[in-house]
Amino acid sequence: MRFNLILFLFFLSFILANCESQPHRQGEILYQNFCANCHMDDGSGLAGNIPPLAQSDYVRQNQGQLACIIRYGMEGAIVVNGKTYQNPMAGIPQLSEFEIANIVNYINQAWENDYGYLQLKAVREALEKCKQ
Amino acid sequence: MEVDGQMVYAQIPDFAFIGQDSNLVTNATFAGKAYVADFFFTSCPTICPIMTKNMLKIYERFRDSTNLLLLSHTIDPKRDTVGRLHQYAHNLGVDSGKWFFVTGNKDSLYEIADDYFNVVIEDPTLPAGFDHSGRFVLVDPQKHIRAYCQGTDSVAVKKFMEDIETLLDEI
């Protein structure tokens, strides 16, 4: 009995630890499939041509825009960490609200970003506002 | 390829393209030097940004080796004008005397891609309209292809840089 309990606790801690270290699994996979070609696995972008997502003041300050950028893309000059970028990014219309929320929350916590958590509700509201 | 027990390398034919400073870039530009060539386009949403990032690593590692140059050909000459290539190179912050971004006649670009073992196909069904194989090719001063690697594979690119090192020791 006692042994079973220990075994149970052991497995429980294993599962918890696993969840803890992989909190944004779907977001990470989606990021790799839809974003990493341009923004790179490490979120560093491409010197001068594609802005970074890692340690990006733009991402930190524009949480309400991220869902819209992912769905509809963006163009025109923007400044990220003091550098100007002006290549257009195409939108990725096939991603659902849920998937977008997962990507945003992956980005918000990856690469030592500590930009908080965006709820599905907020993603939904943002997408409603920028609907095209 | 081996002929009469002698290694024979594929050879790059003469060419003439226009570089990012509206300058003529020809085989003579690379006389006496080794260079790395690739094929890309600036609006490419798939493999090119990663290739460019890896080319940038090669650029940085061999920045001071005057015997190595870099040559990136656009496969989208319609959209990649000289101005656009200039902006792209300027954004990367690279020296236009070391890393050449060229455009030119589309058929000539596609034909020479084949000589560099790069397959380039215009495919309107793809989101970006092109399919291409993304290889980096190392050419020696005799215009022979000496090594190549997949430009998106950072492990392969690391090994490729050793090949460059070896060739530079010969020159």
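Lettering follows sequence order; numbering is per chain, from 1.
- When the shell of 6.0 Å around NE2 of B:His90 is examined, it contains 12 or fewer heavy atoms from other residues, nucleotides or ligands.
- Side-chain N or O atoms of B:Lys53 include one that pairs as donor or acceptor with a backbone N or O of A:Gly45 at under 3.5 Å.
- The hydrophobic cluster containing B:Val25 does not contain B:Val82, counting ILVMFWY residues as joined when their side-chain heavy atoms lie under 4.5 angstrom apart, directly or transitively.
- How far OG of B:Ser154 is from CG of A:Asp41: 8.5 Å, rounded to the nearest 0.5 Å.
- Within 6.0 Å of the CD atom in B:Glu170, the count of heavy atoms belonging to other residues, nucleotides or ligands exceeds 12.
- Taking SG of B:Cys48 as the reference point, atom CG of A:Asn49 lies at 11.5 Å (rounded to 0.5 Å).
- In this structure, B:Ile50 and A:Asn37 approach most closely via the heavy-atom pair CG1-O, 3.5 Å.
- At a heavy-atom cut-off of under 4.5 Å, chain A is reached by B:Leu92 from residues 92-102 of chain B, listed in order of number.
- Counting heavy-atom neighbours within 6.0 Å of A:Gln119 CD, excluding the residue itself, gives a total of 12 or less.
- For A:Ala36, the part lying under 4.5 angstrom from a heavy atom of chain B is the backbone only.
- The 12-atom threshold is exceeded at CD of B:Glu162, counting heavy atoms of other residues, nucleotides or ligands nearer than 6.0 Å.
- For A:Thr84, no part lies under 4.5 angstrom from a heavy atom of chain B.
- A:Asn87 has its side chain out of reach of B:Thr42: every pair of non-hydrogen atoms, C-beta onward, lies at least 4.5 Å apart.
- In this structure, B:Tyr148 places its OH atom where only 12 or fewer heavy-atom neighbours from other residues, nucleotides or ligands lie under 6.0 Å away.
- Applying the ring-ring contact (aromatic ring centres under 6.0 Å, His included) test to pairs two or more places apart or on separate chains, those with a residue in residues 30-78 of chain A are A:Tyr31-A:Tyr106, A:Tyr31-A:Trp111.
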